[in-house]
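Letters go in sequence order (proteins before strands), and every chain restarts at 1. The model shown is predicted, which means the values in this text are computed figures rather than measured ones.
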Number of protein chains: 2
Amino acid sequence: MAAKHLMCRIPSCISSAISTPLTSLKPFYHTQQFVSIIRPVSTACSVGIQESTNRLVVNWKDKLTDEYPLVWLRDNCQCTACFDQSSQSRTINFSHFQVNQKFKHVATTKDAVEVQWEDGHKSAYNLEWLKQRSFNQKEQQCWLDANKAPYSTWGASFFKNIPMLDFNAVIQDDNTLLDWLHTLDVWGVCLFKNVPHSLGQVGILAKRVGFIKKTHYGEEFSVQAKANATNVAYTQGYLQLHTDLPYYEYKPGINLLHCYIQYKGNGGDSLLTDGFKIAEWLRENDPEIYKCLAETRVTWTDIGQENGNKFHKIHHAPVICESSDGTIRRINYSQPQRDSHMAVPIDQVENWYRALKKFYDMALDPEYLVTFKLQPGEMVTFDNLRILHGRTAFGEHLQGERHVQGAYVDWDEARSRIRVLKANKAANNTGRCG
Amino acid sequence: MAAKHLMCRIPSCISSAISTPLTSLKPFYHTQQFVSIIRPVSTACSVGIQESTNRLVVNWKDKLTDEYPLVWLRDNCQCTACFDQSSQSRTINFSHFQVNQKFKHVATTKDAVEVQWEDGHKSAYNLEWLKQRSFNQKEQQCWLDANKAPYSTWGASFFKNIPMLDFNAVIQDDNTLLDWLHTLDVWGVCLFKNVPHSLGQVGILAKRVGFIKKTHYGEEFSVQAKANATNVAYTQGYLQLHTDLPYYEYKPGINLLHCYIQYKGNGGDSLLTDGFKIAEWLRENDPEIYKCLAETRVTWTDIGQENGNKFHKIHHAPVICESSDGTIRRINYSQPQRDSHMAVPIDQVENWYRALKKFYDMALDPEYLVTFKLQPGEMVTFDNLRILHGRTAFGEHLQGERHVQGAYVDWDEARSRIRVLKANKAANNTGRCG
């Protein structure tokens with residue numbers, strides 16, 4: 001994604017965390033500049049109601065103007081009868097709510113706009129609060145981006161810039177925790193060194209975020225070769241590039257893989273490709289193939305038994321999933337777990353295979369594919385909605401075992417943690433970003 | 001949804017479970033008839049390759065014809081080199097795969113089609129296996145429906161037909177468990193009686209499905225009035241109709257609410273409306289309002305602290321969410337948890353409020369709204385992606401406490417369990433459905 005220059009009034013708690021350079025991540029910030037300019041809180045020059053549009057108009061001292069629909073203002077009255085501070089919740093009974101709001105009087109104080117409504121109710125809106133809720137589209141986008149960082153894609157040559165953080169630091173220090181989660185959010189991958197040589201480290205890391213996302217494979221799972229494996233990952237074979245658990249509608253968001261014991265002979269290397277990079281390239285350069293992969297719903301399946309519990313998961317979804325606004329939001333790809341049932345119009349089948357082959361060949365292209373061998377005491381963490389991962393075969397002439405322990409965390413919890421950490425950090429900072 | 005008459009060749013393990021009347025659910029099946037006709041497995045009359053389309057053509061004895069793309073056949077070769085039985089997974093290395101597949105020879109045996117490919121590889125496809133994977137669109141839809149039952153919507157007058165199952169039966173008997181989950185899948189709500197008078201029953205029920213979906217409110221949560229509540233549910237106030245946790249991208253799928261202690265005075269009644277019913281009505285009768293609610297992404301938020309852990313959840317989504325195929329798949333509605341930040345073009349704001357008011361007024365209309373008072377020892381379970389629920393106020397003149405215990409289960413686990421239970425049931429049945 002292109003570098004962005006943002007000028008906006010995002011809340012200081014968020015902007016200061018973004019605009020503060022994160023030392024360990026410095027390489028990334030050379031490619032994506034965040035310039036946040038917070039306009040100082042100041043009394044509005046003038047305030048009025050534009051009756052033709054039913055909007056409050058606020059002319060700020062810095063010459064900018066904001067408009068706020070009256071219906072929105074009434075809905076968001078912050079008085080104790082309309083808003084509960086302890087639960088931070090709107091308490092207006094919506095069944096009594098009038099969409100066609102009429103005002104009697106509007107006035108300003110030093111730091112607020114006061115509105116008296118036709119029914120006698122009075123509301124006061126803090127100016128800073130109003131500014132942060134501007135309906136200006138650029139400001140809105142800025143607020144959205146501040147709450148979920150836009151992603152940046154990468155190819156193989158850029159991977160060396162992916163930071164390797166210290167595991168002890170992420171466990172003990174909130175700034176490192178924020179660095180890690182922000183890196184995952186933007187770049188989709190981050191490595192750790194100095195992970196203690198004991199099982200359970202993925203669980204300890206997950207607890208720093210919130211909690212493990214449980215699946216039918218349990219909470220912490222061991223990736224080891226075993227007889228009669230219920231999953232191809234649990235063999236010594238070559239594990240083709242894939243995303244985990246595409247057969248879950250609620251597919252795990254973040255994958256944590258701790259290298260507990262590495263295979264000492266050749267093989268057992270990790271493979272990673274940024275699936276969003278491939279999808280973006282196709283959207284730009286081969287829109288027919290992109291469209292085919294983004295619109296054709298195929299079936300992802302897992303049937304088996306784990307710890308005595310049978311499972312039969314099915315999810316129907318395209319390889320490339322978009323949000324309703326056209327943003328690429330999820331890649332589904334797993335050769336072993338694509339169902340042989342294919343509920344696709346027959347005349348689209350061959351084209352779909354052609355598109356999938358193009359996608360997969362690109363994912364394996366050295367321009368995009370990264371290969372490295374995790375060492376014991378290292379952990380790779382990545383966005384499972386985005387990054388394809390795999391493993392080279394090992395152990396044809398067995399020279400010891402290989403044991404990787406994994407766990408998942410969902411993005412709901414991770415992004416929540418990012419927002420909380422940013423707010424904490426801002427509360428501890430006295431300075432404002434310029 | 002209109003009654004459906006299905007003629008298809010869904011796998012017997014699934015079809016027999018569907019076509020067997022579930023006694024306790026009988027009232028529903030009066031409105032939705034499943035007629036499954038399984039064509040007997042028989043040797044195909046003739047088999048050939050249509051070179052113009054690169055398809056295998058199978059003319060069945062019952063005069064029907066199926067076509068299978070060669071590329072799909074090669075991709076789904078069931079030999080031990082291409083398919084791993086223990087993990088039920090495709091093992092073909094897709095990087096070596098050719099989309100343009102050429103055959104040398106095709107032949108039939110008593111129960112299989114054998115294909116020899118140009119590169120010498122041989123594949124055999126069992127006829128029953130092929131039939132179940134027909135590319136006929138009606139058969140494909142039938143397979144999709146068999147794996148996820150289409151929903152049926154209801155209004156207030158129909159609610160009396162919602163079954164109340166025995167809690168002990170659902171814990172001990174797999175057929176009752178299947179009845180319950182199938183009822184939830186189709187109708188979105190089901191009640192239990194005879195729930196033991198102790199906490200933890202929601203967890204016991206969740207374990208019958210798989211496991212609890214954890215959120216920042218924990219696993220099992222208590223809905224009780226308390227001081228400084230972090231959630232409006234934890235007060236004695238009127239709880240407006242809502243869906244739980246719309247601020248989760250992975251919103252909990254199924255809500256289990258066990259009435260442990262009911263308030264003895266007036267109030268504390270449960271309110272339920274089928275949100276899909278309202279959405280369907282709007283789509284049919286007021287498409288502008290439907291479109292507005294289905295296309296306008298608003299922001300759902302929860303900021304607070306639970307058990308010492310701060311959270312700050314945000315999810316941007318419309319009130320009515322559709323799948324990419326236009327199916328209604330999720331309702332988001334919670335007046336307290338809709339953010340005051342509204343990243344919507346300002347000229348759409350008033351219309352959106354008008355649409356939301358229409359939606360909410362309909363949800364409260366006695367034609368759609370059900371009110372009942374849970375008794376101690378009862379449990380209500382419902383689809384949280386679909387059903388709006390609420391509670392009348394209680395305790396103005398306090399006559400004792402009220403304590404409801406809740407937990408969530410996700411649909412990924414519940415639908416997996418349905419498929420497993422159906423397969424088990426079919427394996428125990430000797431008869432075939434007609």
Side-chain angles (χ1 to χ4, degrees), chain A residues 54 67 69 71-72 76 84 86-91 93-95 97 99 133 135 137 140 143-144 147 210-211 214 216 228-232 240 248-250 297 303-304 310-314 324 335-338 340-343 345-346 349-350 353-354 357 360 364 410-412 416 419-420, chain B residues 54 67 69 71-72 76 84 86-91 93-95 97 99 133 135 137 140 143-144 147 210-211 214 216 228-232 240 248-250 297 303-304 310-314 324 335-338 340-343 345-346 349-350 353-354 357 360 364 410-412 416 419-420:
Chain A
N54 270 327
E67 300 185 13
V71 61
W72 174 85
N76 289 292
D84 178 51
S86 79
S87 61
Q88 286 284 301
S89 296
R90 182 185 294 104
T91 50
N93 185 331
F94 201 59
S95 62
F97 188 75
V99 174
R133 286 156 183 80
F135 280 84
Q137 285 197 25
Q140 289 175 331
W143 180 76
L144 293 171
N147 279 298
F211 46 84
K214 194 170 179 177
H216 61 235
N228 300 318
T230 56
N231 190 297
V232 290
Q240 300 180 59
Y248 265 80
E249 182 176 354
Y250 289 178
R297 297 212 308 176
I303 302 176
K310 288 183 184 175
F311 52 81
H312 185 156
K313 292 289 192 305
I314 290 186
S324 54
Q335 173 76 349
Q337 291 153 342
R338 186 162 42 76
S340 53
H341 285 89
M342 191 172 180
I346 192 167
V349 169
E350 203 168 299
Y353 273 100
R354 216 176 300 282
K357 190 73 169 75
Y360 191 66
L364 283 177
D410 274 339
W411 275 112
D412 279 311
S416 171
R419 293 179 200 112
V420 167
Chain B
N54 270 328
E67 299 185 13
V71 61
W72 174 85
N76 289 292
D84 178 50
S86 80
S87 62
Q88 286 284 301
S89 296
R90 182 185 293 104
T91 51
N93 186 332
F94 200 59
S95 62
F97 188 75
V99 174
R133 286 156 183 80
F135 281 85
Q137 285 197 26
Q140 289 175 330
W143 180 76
L144 293 171
N147 279 297
F211 46 84
K214 195 170 178 176
H216 61 236
N228 300 318
T230 56
N231 190 297
V232 289
Q240 299 179 60
Y248 265 80
E249 182 175 355
Y250 289 178
R297 298 212 307 177
I303 302 176
K310 288 184 183 174
F311 52 80
H312 185 155
K313 293 289 192 305
I314 290 186
S324 54
Q335 173 76 349
Q337 291 153 342
R338 185 161 43 74
S340 52
H341 285 90
M342 191 171 180
I346 192 167
V349 170
E350 203 167 299
Y353 273 100
R354 215 176 301 282
K357 191 71 170 74
Y360 191 66
L364 283 177
D410 273 339
W411 275 112
D412 279 312
S416 171
R419 294 179 199 112
V420 167

* To do: Give the member of A/Val99, A/Asn54, A/Asp412 that has the highest number of heavy-atom pairs under 4.5 Å with chain B.
  =>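 Highest number of pairs under 4.5 Å: A/Asp412.
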
* Leading residue by heavy atom contact count with chain B [cutoff under 4.5 Å; candidates A/Val349, A/Leu144, A/Ile346, A/Asn93] ->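 Looking at each option in turn, the highest pair count goes to A/Ile346.
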
Which bit of [X] is near chain B, if near means a heavy-atom gap under 4.5 Å: side chain, backbone, both or neither?
X	answer
A/Phe97	both
A/Arg338	both
A/Gln335	both
A/Gln240	side chain

* Please check if atom NZ in A/Lys310 has more than 12 non-hydrogen atoms from other residues, nucleotides or ligands closer than 6.0 Å. =>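 Atom NZ in A/Lys310 is not packed in, count stays at 12 or less.
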
* Asked: Which value, rounded to the nearest 0.5 Å, describes the distance between A/Phe211 atom CZ and B/His216 atom NE2?
  ->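 Those atoms lie 8.5 Å apart.
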
* Asked: When rounded to the nearest 0.5 angstrom, what is the spacing between CD1 in B/Ile303 and CZ in A/Arg419?
  -> 9.0 Å

* Is it the backbone or the side chain of B/Glu350 that comes under 4.5 Å from a heavy atom of chain A, or both, or neither? ->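 The answer is both parts of B/Glu350.
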
* With a 4.5 angstrom heavy-atom cut-off, could you sort out which part of B/Tyr250 is near chain A: side chain, backbone, both or neither? => both

* Is A/Gln140 reaching over with its side chain to a backbone N or O of B/Met342, donor-acceptor style, under 3.5 angstrom? ->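 It does hold such a pair.
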
* **Residue selection (most heavy-atom pairs with chain A, distance under 4.5 Å) from B/Glu249, B/Arg297, B/Lys357** => B/Lys357

* Steps toward side chain to side chain contact (heavy atoms under 4.5 Å, CB included) verdict (B/Tyr353, A/Trp72) -> CA-CA 8 Å; B/Tyr353 273 100; A/Trp72 174 85; 3.6 Å; yes

* To do: Please report the shortest heavy-atom distance between B/His312 and A/Ser416, naming the atom on each side.
  =>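 Residues B/His312 and A/Ser416, closest heavy atoms: N-OG, 2.9 Å.
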
* Residue pair B/Trp143 / A/Ile314: nearest heavy atoms and the distance that separates them -> CZ2-CD1, 4.4 Å

